[in-house]
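A quick note: this is a predicted structure, and the numbers were derived from the prediction, not measured. Just so it is clear, the values below take in all heavy atoms, side chains as well, and ignore hydrogens, waters and symmetry mates. Nothing fancy with the numbering, it's 1 onward along the sequence. Both ligands and their constituent atoms are indexed starting at 1 by order of listing.
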Amino acid sequence: MIRGLLALAAAASVVAVKPGADLPKVDVDMAEISVSGISSGAFMAVQMHISYSQMINGAGILAGGPYWCAQDNVALALTACMTDPELISPFYLEGIVRATALSGFADDTRHLANSRVWVMSARNDTVVDTGVVKAAADLYSAFLTDPSSQIEADYTHDGEHSQITVGYGNPCTTLGLPYINACGFDAAGAALKHLIRRELVPAVPGAAPQGTMTKFSQAAFVGALFTDAFGLQDSGYVYVPPQCEGQKNICALHVAFHGCEMTLDDIGQQFVYHSGHIPWADANGIIILFPQAKSNLLNPKGCWDWWAYTGTAYASNVGAQTLTVKRIMDSLSGQPLTPNTTLSDEDLSARLEAAYRRAPGAAEAAAALLSKRPNVTAQA
Ligand SMILES: *[C@@H]1O[C@H](CO)[C@@H](O)[C@H](O)[C@H]1NC(C)=O
Ligand SMILES: *[C@@H]1O[C@H](CO)[C@@H](O)[C@H](O)[C@H]1NC(C)=O
Ligand SMILES: *[C@@H]1O[C@H](CO)[C@@H](O)[C@H](O)[C@H]1NC(C)=O
């Protein structure tokens with residue numbers, strides 16, 4: 001116990017850095033901010049986009065599913081949102097998005113209207129069913145002005161559950177660490193080409209980085225005592241290509257979320273350097289933020305929180321991880337930091353839960369779920 005406290009005290013003193021003080025100085029184009037992710041990172045990207053659609057205008061989803069798919073319930077996360085997409089209730093989830101926004105726990109859904117969305121499910125993915133990814137696209141359709149042009153979907157490439165790249169990582173249909181597979185397809189590039197609203201200069205996959213990777217303190221944004229409970233590493237990474245360094249040019253910002261087990265040991269570095277984003281960043285002047293999750297008792301695999309291990313608010317704009325990443329984005333783009341003082345407010349959780357219960361379709365969705373799978377809630 002005492003040793004634990006000393007360790008905490010030591011950690012706290014290490015992170016005396018002011019939030020964002022160690023982030024590079026850049027000029028972010030506020031009209032060109034997007035997010036993407038693989039697997040739990042894809043769920044996280046969706047949560048970020050729905051929560052902060054006033055700032056974020058596009059989301060890339062590789063092997064992830066719709067907003068609030070898991071509904072605070074790990075049993076649903078493991079069934080409906082991975083292998084049994086027929087258990088997903090699109091009408092209910094749409095109601096949840098609307099109720100969350102109406103209650104002020106996500107930006108107004110009209111900010112989603114002009115968003116771009118990119119989804120991909122590789123054909124040999126044995127972890128997240130293609131139906132789950134399609135459900136994410138379907139849910140977005142309810143909020144976009146012209147879904148057929150705003151959503152790009154790719155279900156045609158081979159690949160296991162992984163960050164799909166041209167030539168880095170495991171053989172294409174292998175499942176395993178580092179969950180980056182060489183499939184002759186550039187998923188990062190495909191997502192960026194759709195999400196960014198200008199013609200991109202083609203990049204050479206695997207090209208050596210020309211810019212600077214900065215390791216910065218995530219802990220400074222939450223306080224060192226909270227990183228464990230929040231499932232966040234002490235440090236994250238941001239990549240700045242040469243043309244964006246020192247505020248030389250106004251540059252797009254893209255946030256790339258890794259998947260589960262991808263920050264254990266040095267594996268996070270592999271995603272950061274080999275996800276496929278860097279060559280596109282260099283060729284086009286795009287800043288890439290790589291936030292880093294970490295494992296804790298409730299989250300042994302170091303996944304992003306998409307089933308509530310950090311609390312009920314996880315998917316909203318006051319979630320421990322969503323709000324922290326938003327604050328990092330604020331800092332990087334020179335905006336005032338969104339306050340984080342509300343995170344531990346019990347009253348806030350109660351209000352959020354009340355909003356979820358009021359969502360249209362909540363009762364029907366619960367009944368439908370129970371009839372399809374009588375004991376799914378009992379497992380939670
Ligand atoms: C991957 O999926 C495609 C399409 O279903 C299939 O043709 C191919 O044989 C699969 N590859 C492996 C190694 O299972
Ligand atoms: C809020 O952020 C500050 C740093 O800006 C940090 O010191 C504090 O611990 C954070 N509070 C919570 C509840 O996360
Ligand atoms: C679910 O219920 C069925 C029958 O009601 C039972 O056979 C099965 O073992 C249960 N599954 C779990 C995981 O509890």
Side-chain angles (χ1 to χ4, degrees), residues 36-46 59-66 69-70 76-88 90 116-141 147-195 202-206 256-262 264 267 270-271 273-277 279-280 301-304 306 372-373:
S36 70
I38 158 76
S39 194
S40 75
F43 283 97
M44 183 65 181
V46 171
I61 298 149
L62 172 51
C69 189
L76 275 186
L78 296 172
T79 55
C81 311
M82 293 175 78
T83 49
D84 304 270
E86 69 281 1
L87 297 175
I88 296 173
R116 304 253 181 117
V117 174
W118 177 90
V119 302
M120 176 174 180
S121 172
R123 295 200 296 184
N124 313 90
D125 192 320
T126 58
V127 177
V128 173
D129 191 275
T130 303
V132 174
V133 179
K134 287 186 171 164
D138 287 348
L139 181 57
Y140 269 114
S141 300
S148 62
S149 69
Q150 288 168 253
I151 302 176
E152 184 176 298
D154 186 328
Y155 308 121
T156 62
H157 287 91
D158 280 9
E160 246 293 6
H161 189 70
S162 61
Q163 178 71 12
I164 305 282
T165 71
V166 173
Y168 185 85
N170 284 330
C172 187
T173 54
T174 301
L175 181 65
L177 291 169
Y179 298 101
I180 303 176
N181 285 10
C183 293
F185 182 69
D186 187 356
L192 289 171
K193 276 192 285 183
H194 182 67
L195 297 176
V204 180
F257 293 99
H258 61 73
C260 303
E261 298 186 72
M262 289 167 80
L264 310 179
I267 290 160
Q270 294 206 37
F271 181 78
Y273 285 105
H274 300 289
S275 59
H277 292 94
W280 290 91
K301 292 189 171 181
C303 306
W304 289 102
W306 61 282
K372 283 188 207 156
R373 189 137 179 161

Quiz item: Among pairs that include at least one residue of residues 157-183, which meet salt bridge (charged side-chain N to carboxylate O under 4.0 Å, His left out), considering only residues two or more places apart or in two chains?
Solution: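 Qualifying pairs: Arg123-Asp158.
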Self-check item: Counterpart residues, ring-ring contact (aromatic ring centres under 6.0 Å, His included), relative to Trp280 (two or more places apart)
Solution: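 Testing Trp280 for ring-ring contact (aromatic ring centres under 6.0 Å, His included), a comparison that skips the adjacent residues, returns none.
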Would you give me the side-chain donor-acceptor pairs under 3.5 Å for residues 130-139, sequence neighbours excluded?
{"residue": "Thr130", "atom": "OG1", "partner": "Ser121", "partner atom": "OG", "Å": "2.9"}

Quiz prompt | Test side chain to side chain contact (heavy atoms under 4.5 Å, CB included) applied to Cys81 and Trp306, step by step | solution = CA-CA 10 Å; Cys81 311; Trp306 61 282; 3.4 Å; yes
Self-check item: Validation row: Leu177, Gln270 side chains within 4.5 angstrom (heavy atoms)
Solution: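 Heavy-atom side-chain distance check fails, nothing below 4.5 Å.
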Self-check item: Donor-acceptor under 3.5 Å (Asn170 side chain, Leu175 main chain)
Solution: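 No; zero donor-acceptor contacts below 3.5 Å.
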Short N or O contacts of ligand 1 with protein, under 3.5 Å, listed by atom name?
{"residue": "ligand 1", "atom": "2 (O)", "partner": "Asn124", "partner atom": "OD1", "Å": "3.4"}
{"residue": "ligand 1", "atom": "2 (O)", "partner": "Asn124", "partner atom": "ND2", "Å": "2.4"}
{"residue": "ligand 1", "atom": "11 (N)", "partner": "Asn124", "partner atom": "ND2", "Å": "2.9"}
{"residue": "ligand 1", "atom": "14 (O)", "partner": "Asn124", "partner atom": "ND2", "Å": "3.4"}

